[in-house]
Amino acid sequence: MGIGAGVPVVEVEVVCSDAAERRRRIATRPSDIPGPPQSDRERILDRDYRPRDREHVIVDTAGREPQESLAPPLRRRHA
């Protein structure tokens with residue numbers, strides 16, 4: 001349950017298991033933030049990542065656009 005809200009909470013981790021696709025996405029991602037250029041691949045891959053130590057859902061976007069990958073879990077949540 002969500003703290004204080006009294007509603008269920010589902011934590012979702014979005015990943016792309018296809019390394020080549022991940023590199024392509026990083027290289028072609030448009031920047032919508034003014035200022036310095038988009039982070040390069042090394043900076044993205046060097047980010048601090050800590051595996052979840054609690055229950056969560058993993059959505060793998062490999063082979064699909066991220067929006068397509070998230071649609072099924074969102075539909076299940078609202079069913």
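Model, not experiment: these values are computed from the prediction.
- Under a 4.5 Å side-chain heavy-atom criterion applied to ILVMFWY residues, the cluster that includes Y49 comprises that residue alone.
- Remark: E11 engages R52, R54 in a salt bridge (charged side-chain N to carboxylate O under 4.0 Å, His left out) (not counting sequence neighbours).
- Cluster annotation: V57 and V15 are assigned to distinct hydrophobic clusters (Ile/Leu/Val/Met/Phe/Trp/Tyr, side-chain heavy-atom contacts under 4.5 Å, transitive).
- Not counting sequence neighbours, the partners of D18 by the side-chain contact (heavy atoms from CB on, under 4.5 Å) test are C16, A20, E21, A62.
- Smallest separation of non-hydrogen atoms from S17 and D60: OG-OD2, 2.5 Å.
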